[in-house]
A.B. asks: 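This structure is in structure tokens; I'll ask about it shortly.
Each chain gets a letter, A, B and so on, in the order the sequences are listed, and its residues count up from 1.
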There are 2 protein chains.
Amino acid sequence: MPSEAVDDYLKAIYEIAGDEGRASTASLARKLSVAPASVTGMLQKLAQRKPAPVQYQKHRGARLSEHGKLRALEVIRHHRLIELFLHRVLGYSWDEVHDEAERLEHAISEQLEDRIAERLGNPEVDPHGHPIPRKDGSIPTRRDMSLLEAFVGSETTVSRVSDSNPEMLRYLAGLGISPGTKIKLTGRAPFDGPLTLEIGNSRKKQALGPTVAGEIRVTPPLNGKGKG
Amino acid sequence: MPSEAVDDYLKAIYEIAGDEGRASTASLARKLSVAPASVTGMLQKLAQRKPAPVQYQKHRGARLSEHGKLRALEVIRHHRLIELFLHRVLGYSWDEVHDEAERLEHAISEQLEDRIAERLGNPEVDPHGHPIPRKDGSIPTRRDMSLLEAFVGSETTVSRVSDSNPEMLRYLAGLGISPGTKIKLTGRAPFDGPLTLEIGNSRKKQALGPTVAGEIRVTPPLNGKGKG
DNA sequence: TCCAAAGTTTAGGTCGCCCTAAATTATGAT
DNA sequence: ATCATAATTTAGGGCGACCTAAACTTTGGA
């Protein structure tokens with residue numbers, strides 16, 4: 001069994017670079033709040049385990065092996081199942097689940113993972129709308145796009161929001177924005193300015209800075225995608 | 001926050017010696033599967049923390065301080081709440097809960113502890129019949145006694161069984177013995193021989209070795225206690 | 001094309017928790 | 001009261017994951 005530290009590295013690589021790309025030493029150091037030198041050391045060790053969860057080349061960062069990719073997805077599956085479980089079964093609000101899940105994801109057994117999934121009806125998305133990887137490592141997909149790329153005038157549905165910033169989550173909740181909320185994009189200021197939207201059934205217009213908007217993904221009701 | 005290792009030491013001291021007595025270096029080494037020398041080293045360090053969770057004197061083992069006692073009870077509270085939660089909410093059988101709880105007890109937050117307790121209706125005993133310490137460190141009490149000390153001929157109710165041996169738990173479950181089961185003690189062989197009993201409503205007699213019987217505690221229906 | 005800034009690696013070290021082997025101290029049976 | 005045996009402690013290390021400081025590559029803009 002990999003240690004918590006190793007799991008954190010694999011998850012970080014996956015979140016930075018997906019299952020194909022490379023994650024640089026510096027980006028991992030930032031994400032893990034660890035000195036770059038520590039990252040180099042850890043990656044070197046991981047790369048010569050058998051089976052090796054990562055491939056590593058000097059100055060070119062790390063890439064997940066098939067083995068490492070599956071482990072990363074398993075940990076992410078744990079995380080998201082736990083988030084949903086805390087939300088549905090224990091009444092956590094969506095801004096409270098992340099930190100708790102961060103610790104529990106390392107502590108649950110395969111059996112508990114299965115029972116939680118079963119109890120939740122084998123769900124495909126967590127409370128923030130992120131897909132929950134399946135046991136075989138495949139990922140439920142939906143067509144969605146960044147709110148930043150939506151056409152002005154289109155009516156869309158929020159599919160997911162970033163999960164790791166509780167403050168932003170509370171802000172969004174305050175605006176009534178969560179997965180499933182309908183959003184009509186009514187305007188876009190030039191040069192990365194704020195967007196204006198109508199949220200849900202309210203007629204009120206709301207401006208949203210580009211940073212926040214970039215964390216929101218939406219599915220259009222029917223039509224395609226593109227920048228308006 | 002104490003580390004997992006420290007929590008394990010405190011819990012072990014509590015389980016060996018309670019909140020008053022001393023636990024010897026050797027007994028801790030056995031319980032924790034660690035070399036005696038490691039125990040000595042750890043106890044010496046713990047004794048000079050501030051606040052110190054244990055008091056330590058050469059050759060006389062360790063004793064919990066008030067601070068350490070409260071922490072030990074908190075961890076035990078976690079453990080037993082988790083056991084009951086796994087049993088009630090996720091369908092675990094009682095022989096499956098211990099190992100899972102052993103890992104989770106270190107990972108849950110105060111908040112999760114509270115939500116679990118609330119969800120379970122602030123229970124006082126776990127699936128094995130062990131009392132769940134309250135948040136203030138007090139312990140729900142019931143009058144009960146070892147089955148070994150019960151009168152021959154008395155009709156009693158099982159109040160609790162040891163939790164840490166899954167094999168024994170499955171054996172007992174196979175016999176139909178769990179907290180709440182009625183037991184009539186029909187005979188006792190001399191010199192630590194087996195007991196004979198009638199279990200529940202069945203008329204069948206069952207012999208039980210003294211080791212197993214020692215792990216079972218019972219509450220008599222009305223009358224006092226004593227050896228028959 | 002060159003070179004400063006950014007990124008990366010090496011070297012040397014810390015801390016927590018564990019180990020074995022050897023020395024010491026306590027205990028209780030005679 | 002003695003002394004073998006059991007319990008405990010000391011000494012000297014190991015390993016995993018982290019650190020800083022200093023040296024070294026790589027890269028992209030002038």
Side-chain angles (χ1 to χ4, degrees), chain A residues 1-17 21-64 68 71-72 75 102-103 105-107, chain B residues 1-13 15-17 21-64 67-68 71-72 75 102-103 105-107:
Chain A
M1 294 296 125
S3 70
E4 285 191 27
V6 170
D7 280 346
D8 285 341
Y9 274 84
L10 300 182
K11 203 169 55 140
I13 294 169
Y14 185 87
E15 284 167 1
I16 290 169
R22 294 174 191 290
S24 72
T25 302
S27 63
L28 286 168
R30 268 193 303 280
K31 175 158 278 227
L32 296 167
S33 300
V34 139
S38 306
V39 174
T40 299
M42 181 88 273
L43 293 180
Q44 285 172 343
K45 275 177 210 161
L46 292 183
Q48 53 198 70
R49 287 197 181 180
K50 45 168 201 173
V54 309
Q55 295 159 234
Y56 174 69
Q57 288 171 264
K58 290 189 177 194
H59 296 281
R60 326 198 96 240
R63 187 185 169 287
L64 292 173
R71 180 61 194 171
V75 176
E102 200 70 30
R103 272 172 291 113
E105 66 187 11
H106 303 293
Chain B
M1 294 297 122
S3 70
E4 285 189 27
V6 171
D7 280 345
D8 286 341
Y9 274 84
L10 300 182
K11 204 169 52 138
I13 294 169
E15 284 166 1
I16 290 169
R22 295 176 191 288
S24 71
T25 301
S27 63
L28 286 168
R30 267 192 303 280
K31 173 156 278 227
L32 295 167
S33 300
V34 137
S38 306
V39 174
T40 299
M42 182 87 272
L43 293 180
Q44 286 172 342
K45 276 177 207 161
L46 291 183
Q48 53 198 69
R49 287 196 180 181
K50 45 164 201 175
V54 309
Q55 295 159 234
Y56 174 70
Q57 286 170 265
K58 290 189 176 195
H59 295 280
R60 327 198 94 241
R63 187 183 169 289
L64 290 174
H67 183 256
R71 178 62 194 171
V75 176
E102 199 69 30
R103 273 172 290 113
E105 67 188 11
H106 303 293

A.B. asks: With a cut-off of less than 4.0 Å, is there a side-chain N or O of B/Q44 near OP1 or OP2 of D/dT10?
C.D. replies: yes

A.B. asks: If I take atom CG from residue A/L32 and atom CE from residue A/M42, how far apart are they, to the nearest 0.5 angstrom?
C.D. replies: 11.0 Å

A.B. asks: Measure from the side chain of B/A35, starting at C-beta and using heavy atoms only, and say which of C/dC17, C/dC19, C/dT8 lies closest.
C.D. replies: C/dC19

A.B. asks: Which whole-number value in Å describes the distance from A/L46 CG to D/dG16 P?
C.D. replies: 11 Å

A.B. asks: Rounded to the nearest angstrom, tell me the gap between atom NZ in A/K45 and atom P in D/dG14.
C.D. replies: 15 Å

A.B. asks: Can you tell me how far CG of B/D8 sits from CG of B/L28, rounded to the nearest 0.5 angstrom?
C.D. replies: 11.5 Å

A.B. asks: Could you state the CE-C1' distance from B/M42 to C/dC19, rounded to the nearest angstrom?
C.D. replies: 15 Å

A.B. asks: Tell me which of A/K58 and A/S3 sits closer to the 5' end of DNA chain D, going by the nucleotide each one is nearest to.
C.D. replies: A/S3

A.B. asks: Can you name the nearest heavy-atom pair linking A/G61 to A/Y56, along with the distance?
C.D. replies: O-CD1, 3.4 Å

A.B. asks: Nearest whole Å is fine: how far is C/dT9 C1' from A/L43 CG?
C.D. replies: 12 Å

A.B. asks: Between C1' on C/dT9 and CG on A/L28, what's the gap in Å once rounded to a whole number?
C.D. replies: 15 Å

A.B. asks: Identify whether any heavy atom of B/V34 sits under 4.0 Å from a base atom; if not, whether one sits that close to sugar-phosphate; answer base, sugar-phosphate or nothing.
C.D. replies: sugar-phosphate

A.B. asks: Calculate the interatomic distance between B/Q57 atom CD and C/dA26 atom P; express it in whole Å.
C.D. replies: 12 Å

A.B. asks: Quick check: on DNA chain D, is the nucleotide nearest A/E4 upstream (toward 5') of the one nearest B/S27, or the reverse? Name the residue that is more 5'.
C.D. replies: B/S27

A.B. asks: Rounding to an integer number of Å, can you tell me how far A/H106 NE2 sits from D/dA17 P?
C.D. replies: 12 Å

A.B. asks: Looking only at heavy atoms, what is the nearest atom pair of A/Y9 and A/S38, with distance?
C.D. replies: OH-O, 3.9 Å

A.B. asks: Could you tell me whether B/A26 contacts a base, only the sugar-phosphate backbone, or nothing, with contacts defined as non-hydrogen atoms closer than 4.0 Å?
C.D. replies: sugar-phosphate

A.B. asks: Given atom NE2 of A/H59 and atom P of D/dT27, what is their separation to the nearest angstrom?
C.D. replies: 9 Å

A.B. asks: Report the nucleotide, chosen from D/dT25, C/dA21, C/dT10, that has the shortest atom-to-atom distance to any side-chain atom of B/A37.
C.D. replies: C/dA21

A.B. asks: To the side chain of A/V6, which of C/dT8, D/dA17, D/dT20 is closest?
C.D. replies: D/dA17

A.B. asks: With a non-hydrogen cut-off below 4.0 angstrom, is A/T25 in contact with a base, only sugar-phosphate, or nothing?
C.D. replies: sugar-phosphate

A.B. asks: Please confirm whether the shortest side-chain N or O distance from A/Y56 to OP1 or OP2 of C/dT8 is below 4.0 Å.
C.D. replies: no

A.B. asks: Of all the heavy-atom pairs spanning A/A72 and A/L10, show the shortest one and how long it is.
C.D. replies: CB-O, 3.8 Å

A.B. asks: Closest approach to the side chain of B/T40, judged atom by atom: which nucleotide of D/dA17, C/dT9, D/dT8 is it?
C.D. replies: D/dT8

